[in-house]
Amino acid sequence: MADILTTIVEKRKADIERLGLAFGFEIPENRGRPVHPFLVKKGVILEVKRASPSKGEIAPNLNAAETAHSYAAAGASAISCLTEGNYFKGSLKDLMEVCEAVDEYAEGAAGSSESESLCVVPAVLRKDFLLSADEVDISYRAGADAILLIARILEKPVIVEMAKAAAGYGMICLVEVRSEADLEKLSAVAAAVDSKYIVCGVNSRDLATFKIDLLKPCALLGKIRGVLGEDARVVFESGIRTPQAARFAGSLGFTGMLLGEAAAKAPKLREELVRSFVNAVSNKNAEFWTKYSGNTEQYRPLIKICGLTRAEDVMFADSLGADFVGFIFASGFGRNICGEKFEAIIPTLKNIRAKKVAVITDATSPEAEAAARYVEQGILDCIQLHGIEYSEVPERFLSLPHYFAITEKNGPLDKEAEKLFLMGEPRFLQDSKSQSYDINHKLWLAGGVTLENAAELVARFHPELIDVSSGVEDDEIGIKNHDKIRRIIYDTFS
């Protein structure tokens, strides 16, 4: 598959050669509006967006000025205006219309009896694949308060020159990063420009594959703060389409969230999306996934040994490097450990490095209540909501470290996976006896995994995590065969 980002840039260069930096539009000689502050506190950037390479047409009849006015009314802290024409169907004309619309909105709000908060003018971001300092000047004169600089497409001297030019105009640079090489460029910008002119963004969408990983921004958050300082303003970009997902992003510690498709296609959701992000607070679930996000680049799949019932099996799996160990908290299952069995192994768990997971099948059961208490007390690390519908899970469980496990009993795995992704669930286990997994999202794989098929499943599906339970047992349910654990970890995954 061709790298769409490279294709966009090459077409843009050809358009500049043919039409000039203004792409044939008339740009004022002098800027006609003040530069407004960009993302000075936690807020949402709503995007004027008609189309995209991944989605095609999103809102083809979108009116830039009307949309900007509605975004301001919805409480947007900033408005992003796409000015790329080939794939996003935007233009510099849109940018100038957006700037005019938000200024008109501010004037109207200032003259009304509404609260003063409504008089705040959303800053305007020019979102495009800018390539030179001359384009910074064009953006400034067209009215933008901030510009997007994509680190991947700009050489270090160029991105520094562009950032310095923007700072000279009092504009903010939203520097988009996704790799270690990008972070080096960000560091160069930070060395050359006062940090008050820098906001950093991380795109959850990989433009080479279009796949989205909601944990990618988390994985870079700490590194960005290492470059810019703990008070760095960082934006979560792409992948959010529901209030539930916006709340998850808002709980992770980001200053901003950029919404494109969801804002353009769902006018009735705009205010709720903004509120969900802005009002979200950190919780144990956010802390769990933030820590996990730093360990997703593995040379082998992560390994979970599940259905453990004995302390010696837990210790052995942990000693060989298992990443997760799972305990069944569900009546009616032969591997159910809830009660005296689990209490007996608690002292052992204090020395276990692997993440300790309680598997529940009914969120309203006494076993689920016990599992939640153990997680709250720090005895267990996480809850696996196995075969449970999202709508059936109490808020208490969603605020605790958790992930869902879907099975074919729920319905087709691809549909169930997409439903959870839309709710902002960054990972979910797919338990499929037929091994017909959805691979559009990061794959956690379970279902009939044995010594005989594990290597083939890994080679075929490239999972991030593989879950093994009965495949490392003999005849007695819940009693693990240590040689099988050793072989599946060492022989299959080493």
Side-chain angles (χ1 to χ4, degrees), residues 21-22 25-48 63-83 90-128 130 132-149 161-175 189 192-201 231 233 235 255-256 258 263 274 278:
L21 293 173
F25 294 97
E26 186 175 342
I27 307 299
E29 285 296 320
N30 297 298
R31 183 184 176 98
R33 65 195 299 264
V35 176
H36 297 284
F38 182 84
L39 213 64
V40 293
K41 61 181 181 180
K42 187 176 183 180
V44 175
I45 308 166
L46 299 182
E47 193 158 80
V48 176
N63 179 289
E66 291 176 359
T67 302
H69 193 280
S70 70
Y71 285 176
S77 295
I79 296 174
S80 167
C81 182
L82 277 152
T83 60
S91 70
L92 282 164
K93 181 174 181 286
D94 289 334
L95 176 65
M96 291 184 282
E97 289 181 354
V98 166
C99 292
E100 183 178 356
V102 295
D103 291 345
E104 288 176 354
Y105 174 83
E107 289 176 9
S112 73
S113 60
E114 299 291 337
S115 66
E116 289 186 9
S117 63
L118 290 174
C119 302
V120 175
V121 185
V124 179
L125 166 73
R126 182 186 181 187
K127 189 175 181 184
D128 207 326
L130 305 182
S132 71
D134 288 336
E135 292 200 89
V136 178
D137 175 68
I138 295 282
S139 304
Y140 173 75
R141 289 191 282 126
D145 304 303
I147 55 171
L148 175 68
L149 300 181
E161 181 187 12
M162 294 175 75
K164 289 170 71 174
Y169 288 127
M171 300 167 69
I172 295 293
C173 290
L174 174 57
V175 182
V189 170
V193 175
D194 192 303
S195 62
K196 69 181 181 180
Y197 296 114
I198 304 171
V199 173
C200 196
D231 58 349
R233 291 171 288 170
V235 177
T255 312
L258 191 149
V274 170
V278 172

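Keep in mind that this is a model prediction, so the values were computed, not measured. Values below: all heavy atoms of this structure, side chains included; hydrogens, waters and symmetry mates excluded.
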Q | Arg31 backbone acceptor or donor facing Arg141 side chain under 3.5 Å | A | no

Q.
Just verifying a value: how many Å separate Asp145 CG and Met171 CE, rounded to the nearest 0.5 Å?
A. 7.0 Å

**Q.** Any residue meeting ring-ring contact (aromatic ring centres under 6.0 Å, His included) with Phe25, in chain and number order, not counting sequence neighbours
**A.** none

Q.
Run Phe38 and Leu125 through side-chain contact (heavy atoms from CB on, under 4.5 Å) and show every step you take.
A. CA-CA 8 Å; Phe38 182 84; Leu125 166 73; 4.0 Å; yes

Q: Mind checking side chain to side chain contact (heavy atoms under 4.5 Å, CB included) for Arg233 and listing every partner two or more places apart, or none if nothing turns up?
A: Ile172, Val199, Thr255

Q. Are any non-hydrogen side-chain atoms of Ile147 and Tyr140 less than 4.5 angstrom apart?
A. no

**Q.** salt bridge (Lys or Arg N to Asp or Glu O under 4.0 Å) involving Lys93 - partner list, sequence neighbours excluded
**A.** Glu97

Q. What pairs with Tyr197 under side chain to side chain donor-acceptor pair (under 3.5 Å), at least two apart in sequence or on another chain?
A. none

Q: Drop me the distance from Leu82's CG to Leu95's CG, to the nearest 0.5 angstrom.
A: 10.5 Å

Q) What residues form a side chain to side chain contact (heavy atoms under 4.5 Å, CB included) with Ser77, not counting sequence neighbours? A) Leu39

Q | Results of side chain to side chain contact (heavy atoms under 4.5 Å, CB included) for Ala263 - residues two or more places apart only | A | Leu46, Tyr71, Leu259

Q | Residues that Asp94 engages under side chain to side chain donor-acceptor pair (under 3.5 Å), provided they are two or more places apart | A | Arg50

Q | All side chain to side chain donor-acceptor pair (under 3.5 Å) counterparts of Lys196, not counting sequence neighbours | A | none

Q: Could you walk me through whether Asp128 and Glu135 pass side-chain contact (heavy atoms from CB on, under 4.5 Å), step by step?
A: CA-CA 10 Å; Asp128 207 326; Glu135 292 200 89; 5.7 Å; no

(Q) I'd like to know whether NZ of Lys164 has more than 12 heavy-atom contacts from other residues, nucleotides or ligands below 6.0 angstrom. (A) no

Q. For Asp103, which residues count as a side chain to side chain donor-acceptor pair (under 3.5 Å) partner, sequence neighbours excluded?
A. Arg33

Q) Can you pull the salt bridge (charged side-chain N to carboxylate O under 4.0 Å, His left out) pairs that have at least one residue in residues 165-174, sequence neighbours excluded? A) none

Q.
Would you compute the distance between atom OG of Ser139 and atom CG of Leu92 and round it to the nearest 0.5 angstrom?
A. 7.0 Å

Q: For Ala101, check side chain to side chain contact (heavy atoms under 4.5 Å, CB included) against everything at least two apart and list the hits.
A: Ala65, Ala68

(Q) Holding to ring-ring contact (aromatic ring centres under 6.0 Å, His included), I want the full list of residues that pass it with His69, two or more places apart in sequence or in another chain. (A) Tyr105

